[in-house]
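Side chains are part of it too, since the values below use all heavy atoms of this structure and drop only hydrogens, waters and symmetry mates.
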Protein chains: 2
Amino acid sequence: MTRHLDDAKASLRRMIYDGLYKAGEPLREVQVAERLGVSRTLARLAMAELETDGLLLREPNRGCRVRAFSAREVADAIRVRGELEGMAARLAAERGLSRAERADWEAVLARGDALLDSGRQDKAARTDWIAMNADFHAAVLAAADNAALVAACQRVSAMPLASPDAILFDAPTVDGGGAAATRRALAAAHRDHHEVFRAVAAREGERAAWLMREHARRSAETKARLLGDRTGYSRLSALPGGKLVRPAFG
Amino acid sequence: MTRHLDDAKASLRRMIYDGLYKAGEPLREVQVAERLGVSRTLARLAMAELETDGLLLREPNRGCRVRAFSAREVADAIRVRGELEGMAARLAAERGLSRAERADWEAVLARGDALLDSGRQDKAARTDWIAMNADFHAAVLAAADNAALVAACQRVSAMPLASPDAILFDAPTVDGGGAAATRRALAAAHRDHHEVFRAVAAREGERAAWLMREHARRSAETKARLLGDRTGYSRLSALPGGKLVRPAFG
DNA sequence: CGACGCAATATTGAATGCAATTAACAGTCG
DNA sequence: CGACTGTTAATTGCATTCAATATTGCGTCG
């Protein structure tokens, strides 16, 4: 992959996430190329990559369509991610953390603590949170020292909303809405992070795996609750409340 | 993906598996195109896909090289596959098998029994065995009813030797060689199949998962023993004994 | 009036050609 | 004699062009 292709792919991904193309709507190569400001070749390659990422569906000689993900599919993907991350936690616990890994991990946890303590809710805080969260999940995978596991996890995280980066801020909830609920959810998630770390550090492999799976499962349930039962969607910005924020995505 | 591209990709894959390109050796687009009998465009696309499959490594502006897989990497991938298939078995057990699924599964098991009972060791028998084995693993995944799980499993199986299809027949072993040892290994594997099925049918989820993980682990250990400790290889036909047979691969 | 078939058009699929980047080599200077 | 730089050859990256396939609209026939 070269620079231009990466750019085109990222831009197209963003376009889809932003709902420029509705689910089921065909992506015409010429139009995509125009909007991306590149040639048809690059547009085509970008579409091919997003297809392998599972974001687009291709019918031979009929082009690509944006794939719609049901709440069920997202939940399924998150369960798989949880299983893989759980395996990573178990492997990490069995292997034991090096001094450096332990320090890195604790630094990430401290960043999360600081963010929660600050009480900030602005956009920068959200970006920081997403970065912290991503770093935590990456640390778990790295500590497992299994390249195939990392690759598999990245793949399953390619689905919109299935990635740990995909956090729904300020979406309305049944138990009262908005900022306070979000804050509670983030605090709970970060407690999970601490617990996973303690279990791994204590070499409690199976328990670490269980905690990690539960962490993913909670995230899946939260998202399912927020997204409702609609069977298909891809325009994330059109979700209930329209206040979805996923700045660090893609 | 269109027909020509699929063909080109499969052919190139086979070329690499057959050792036409050694590990680390660069794949020049023009040469690949010539050997495939297609244009540079298709060769390029095929290479791009094999890159995403993890079979090739690409350095920007410097093309692709065949990736060498260490015995460790193969073992890691198989462990991940085992975890995913174990998850599938657990989900299948929790969900319960439909009448049709149960029948399909039993038919696959019966095919394996018949093959073992026949005592055949010819090439056709091997092909049949590989097909039966693939069907069994596919049945486990299908019974889990989780699309993301299937996709993740397919991905991790893309690595050479990591797929359940990749069976080493007649490779020399430490405990006496060849046909008899292979026969014992296949019989043991098929006992695993039966046990997994019984556990799933009995709704024993965690036990089914464990059995499936162990099934994969055994396969990984067998391969590791056969492959030895060499740190890098990709020319499968050049493995010890040179009697490797993997007809249904790719 | 509806259904089928044919032609025109639009869209994807593949190949060739051109530009940009990189590696290798020779020549020159220190 | 070794290191550096300018130049050349080779290779990838991208754009354009040509060909194949599917879709749509219209006309005709039942």
Side-chain angles (χ1 to χ4, degrees), chain A residues 1-16 18-68 158 234-235 250, chain B residues 1-16 19-68 158 234 250:
Chain A
M1 272 200 291
T2 179
R3 190 83 270 119
H4 287 187
L5 208 178
D6 280 337
D7 291 348
K9 182 181 175 185
S11 299
L12 181 54
R13 203 187 206 113
R14 177 58 54 111
M15 283 183 189
I16 294 169
D18 289 348
L20 189 53
Y21 292 97
K22 288 190 272 288
E25 182 181 346
L27 275 72
R28 302 295 173 199
E29 289 183 357
V30 284
Q31 189 191 37
V32 171
E34 277 177 12
R35 291 187 176 175
L36 289 175
V38 298
S39 79
R40 248 190 71 200
T41 302
L42 279 181
R44 183 185 194 70
L45 289 175
M47 286 162 71
E49 300 219 356
L50 291 183
E51 185 204 350
T52 67
D53 281 354
L55 207 63
L56 299 176
L57 288 176
R58 169 175 299 265
E59 300 166 86
N61 287 318
R62 296 196 45 186
C64 286
R65 312 179 98 82
V66 176
R67 179 173 162 195
S234 70
R235 288 198 56 188
Chain B
M1 273 203 290
T2 175
R3 189 83 272 116
H4 288 187
L5 209 178
D6 281 338
D7 291 347
K9 184 181 175 185
S11 299
L12 181 54
R13 203 185 206 117
R14 178 55 57 108
M15 283 184 189
I16 295 168
L20 190 54
Y21 291 97
K22 286 188 274 287
E25 183 181 346
L27 276 72
R28 303 297 174 196
E29 288 184 356
V30 284
Q31 190 191 36
V32 171
E34 278 177 11
R35 290 186 176 176
L36 289 176
V38 298
S39 79
R40 254 190 65 205
T41 302
L42 281 180
R44 181 185 196 71
L45 289 175
M47 286 161 72
E49 301 219 356
L50 291 183
E51 185 204 349
T52 67
D53 281 355
L55 207 63
L56 299 177
L57 288 177
R58 170 174 301 262
E59 299 167 86
N61 286 318
R62 296 197 43 187
C64 285
R65 313 179 96 81
V66 176
R67 179 173 162 197
S234 70

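- Atom CG of B:N61 and atom C1' of D:dC14 are 11 Å apart (whole Å).
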**OP:** Before giving the answer on side chain to side chain contact (heavy atoms under 4.5 Å, CB included), spell out for B:R67 and B:L57 the whole-Å C-alpha distance, their side-chain angles and the decisive distance to 0.1 Å.
**Re:** CA-CA 6 Å; B:R67 179 173 162 197; B:L57 288 177; 4.0 Å; yes

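- When the nucleotides C:dT12, D:dA15, D:dT12 are ranked by their closest atom to the side chain of A:R44, C:dT12 comes out on top.
- The distance between atom CD of B:E34 and atom P of C:dT16, rounded to the nearest whole Å, is 12 Å.
- The NZ atom of A:K9 sits 13.0 Å away from atom CG of A:L36, with the distance rounded to the nearest 0.5 Å.
- Distance A:E59 CD to C:dT11 C1': 13 Å, rounded to the nearest Å.
- Here D:dT16 presents its P atom at 14 Å from CD of A:E29, a figure rounded to the nearest Å.
- Rounded to whole Å, the distance from CE on B:M47 to P on D:dT11 is 12 Å.
- The side chain of B:R62 contributes no N or O atom lying less than 4.0 Å from OP1 or OP2 of D:dT11.
- Rounding to whole angstrom units, CG of residue A:L42 and P of C:dT12 are separated by 16 Å.
- In this structure, NZ of B:K9 is placed 18 Å from C1' of C:dA14, rounded to the nearest angstrom.
- Residue order along DNA chain D, read from the 5' end via each residue's closest nucleotide, puts B:G63 first among A:T41 and B:G63.
- Between the CG atom of B:L45 and the CG atom of A:L45 there is a distance of 6.0 Å, given to the nearest 0.5 Å.
- Atom CG in B:L45 sits roughly 13 Å away from atom P in D:dC14 (whole-Å rounding).
- Considering CD1 of A:I16 and CG of A:L27, their distance stands at 5.5 Å, rounded to 0.5 Å.
- In terms of phosphate contacts, A:R28 brings a side-chain nitrogen or oxygen within less than 4.0 Å of OP1 or OP2 of C:dT12.
- The base of D:dG13 is paired with the side chain of B:R40 by a donor and an acceptor separated by under 3.5 Å.
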